[in-house]
Amino acid sequence: MKVGVPKEIKVHEYRVGLTPGAVREYVAAGHRVMIETNAGAGIGATDDDYRIVGGTILTSAAEVFASSEMIVKVKEPQPSEWCQLRENQILFTYLHLAPDPDQAKGLLKSGCTAIAYETVTDPHGGLPLLAPMSEVAGRLAIEAAGSALKRSAGGRGLLIGGVPGVQPARIAVIGGGVVGTHAARMAVGLGAEVTIIDRSIVRLRELDELFEGRARTRFSTIDSVEEEVFAADVVIGAVLVPGASAPKLVRRSMLSSMRKRAVLVDVAIDQGGCFETSHPTTHADPTYEVDGIIHYCVANMPGAVPLTSSQALNNATLPFGLALANKGFTAVLENPHLRAGLNVHRGRLTYEAAAESLGLPFSPIEQAAA
Ligand SMILES: NC(=O)C1=CN([C@@H]2O[C@H](COP(=O)(O)OP(=O)(O)OC[C@H]3O[C@@H](n4cnc5c(N)ncnc54)[C@H](O)[C@@H]3O)[C@@H](O)[C@H]2O)C=CC1
Ligand SMILES: CC(=O)C(=O)O
Ligand SMILES: [Mg+2]
């Protein structure tokens with residue numbers, strides 16, 4: 001198959017869809033890989049690094065889109081990208097369609113087959129192509145909170161771990177999945193006082209064992225969320241209902257009862273955010289203030305550490321990408337986990353939770369593929 005890798009164009013997005021190591025694997029499996037010039041610059045991979053492993057360098061994104069049967073990216077396609085997609089072309093990338101009606105309409109209009117990394121599943125009920133970036137974002141969330149807490153950045157002027165004799169920051173993590181667990185690990189490591197809130201008792205049991213008393217766990221209710229948010233210096237938003245818009249667990253009316261200049265880090269912003277007052281920000285201008293509370297809502301947090309992130313992402317996407325390159329759409333029909341990733345096919349929305357959030361008709365894959 002002809003596989004194309006355009007350069008990412010989101011603000012301060014430095015990751016790349018395929019690393020040279022991954023291109024080598026595709027080429028070894030008999031595929032032709034076309035990479036836009038400088039696509040790997042953010043991870044220090046030169047055009048020659050791609051040529052050495054058998055890739056072909058093209059001078060523009062337009063050439064990559066025009067000549068490829070499958071496009072492998074990182075971030076959801078931007079308007080200038082989705083208008084270059086076409087029927088019978090596979091798009092393999094993050095999509096986050098639920099909060100993004102314009103992109104959804106663009107993809108539907110293109111007629112392409114779009115597989116969202118974030119809804120591909122594994123046999124253990126996990127999301128294997130979201131997990132590596134959630135690990136990165138969870139860890140980064142505490143760094144982001146530490147920066148935003150500085151008085152010079154508008155925050156409370158608090159050091160996360162405190163110092164001997166002075167109490168540390170109190171951190172509430174809402175959602176104890178991959179992001180939440182990695183955020184909690186970093187926060188506990190720094191010496192913060194950490195509470196993790198989740199609606200899954202099974203997950204809370206696992207977290208209780210994992211942290212051995214170094215983080216508290218609470219079942220998610222209106223009461224527990226309110227109590228923890230009001231007492232927190234930092235709140236990390238890390239909930240997910242796969243494919244759907246995030247539930248708004250922190251309302252604007254709650255901000256006035258919070259500690260002044262506390263920090264909200266809404267990692268779930270790519271699914272619309274779990275704080276009512278969240279809107280997406282960029283690495284260029286990551287924070288803003290509402291009612292005295294600092295908000296950090298960067299939708300592509302792992303893009304800031306592209307060396308770590310591109311490697312971790314490629315480790316996870318490689319087997320699925322190779323299956324798509326080897327078998328085309330048949331791979332989606334044969335593999336239930338790849339099938340779970342199918343969000344758009346030939347002008348139809350094939351992911352029910354996304355369709356519901358968008359208020360658009362849902363077509364089961366059998367209908368869409370007929
Ligand atoms: N901003 C960014 O750059 C990035 C954002 N993300 C996003 O972070 C979010 C979390 O991802 P993961 O941790 O991988 O998901 P996950 O599925 O591992 O964990 C989500 C957790 O939220 C819990 N949850 C759902 N509804 C809840 C509620 N009402 N109250 C409390 N807990 C609730 C679930 O039980 C689950 O444990 C997703 O929206 C993901 O797309 C992930 C990576 C990068
Ligand atoms: C998951 C996601 O949106 C990201 O890594 O940017
Ligand atoms: Mg996004």
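Because only heavy atoms are used, hydrogens play no part in the values below, and waters and symmetry mates are left out as well, while side chains stay in. Worth saying up front: this structure is predicted, and the values here are computed from it rather than measured. Ligands are counted one by one from 1 in listed order, and the atoms in each one are counted from 1 as well.
- Each of the following atoms of ligand 2 lies closer than 4.0 Å to a heavy atom of M133: 5 (O).
- In terms of polar-atom proximity, defined here as any N/O pair under 3.5 Å, R15 does make such a contact with ligand 2.
- Residues passing the salt bridge (Lys or Arg N to Asp or Glu O under 4.0 Å) test with D208, sequence neighbours excluded: none.
- In the vicinity of N300, heavy-atom distances shorter than 4.0 Å reach the ligand 1 atoms 3 (O).
- Using cut-offs of 30° and 60° on the angle between ring planes, the pair F329 and H345 is parallel.
- Ring geometry for Y94 versus Y117: interplanar angle over 60°, hence perpendicular rather than tilted (30 to 60°).
- Heavy-atom distances between M301 and ligand 2 stay at or above 4.0 Å for every pair.
- What you find for K2 and S67 is that their closest heavy atoms are CD-O, 3.3 Å.
- Annotation for ligand 1: atoms under 4.0 Å from non-hydrogen atoms of G175 are 22 (O), 32 (N).
- Nearest non-hydrogen protein atom to atom 14 (O) of ligand 1 is S134 OG, 2.7 Å.
- Residue G180 has no nitrogen or oxygen atom sitting less than 3.5 Å from a nitrogen or oxygen atom of ligand 1, judged on distance alone.
- Looking at atom 3 (O) of ligand 1, its nearest protein heavy atom turns out to be M301 N, 2.7 Å.
- Using the six-membered ring where Trp is involved, Y26 and H31 have ring planes that are perpendicular, over 60° apart on the 30 and 60° scheme.
- The proximity of A137 to ligand 1, defined as any non-hydrogen pair under 4.0 Å, is limited to the side chain.
- Annotation: D270 places an N or O atom under 3.5 Å from an N or O atom of ligand 2; distance criterion only.
- Distances from atom 27 (C) of ligand 1 to the heavy atoms of R199, K248, R218 show the closest one on R199.
- For the residue pair R216 and T195, a side-chain donor N or O sits within less than 3.5 Å of a side-chain acceptor on the partner.
- For H96, every heavy-atom contact with ligand 1 shorter than 4.0 Å involves the side chain, none the backbone.
- Counting only heavy atoms of the protein, atom 7 (C) of ligand 1 lies nearest to D270 OD1, 3.3 Å.
- Distances between N or O atoms of A299 and those of ligand 1 include at least one value under 3.5 Å.
- Residue contacts with ligand 1, taken as heavy atom pairs separated by less than 4.0 Å, involve D198 via backbone and side-chain atoms alike.
- Only the backbone of V298 comes within contact range of ligand 1, with a heavy atom under 4.0 Å; no side-chain atom does.
- Only the side chain of L130 comes within 4.0 Å of ligand 1, judged by heavy-atom distances.
- Atom numbering of ligand 1 starts at 1 in the shown order; those under 4.0 Å from a heavy atom of S220 are 28 (C), 30 (N), 31 (C).
- Less than 4.0 angstrom separates some heavy atom of Q271 from each of these atoms of ligand 1: 39 (O).
- In terms of protein heavy-atom proximity, atom 38 (C) of ligand 1 is closest to L240 CD1, 3.8 Å.
- For the pair K75 and ligand 2, the shortest N or O to N or O distance falls below 3.5 Å.
- In terms of polar-atom proximity, defined here as any N/O pair under 3.5 Å, L249 makes no such contact with ligand 1.
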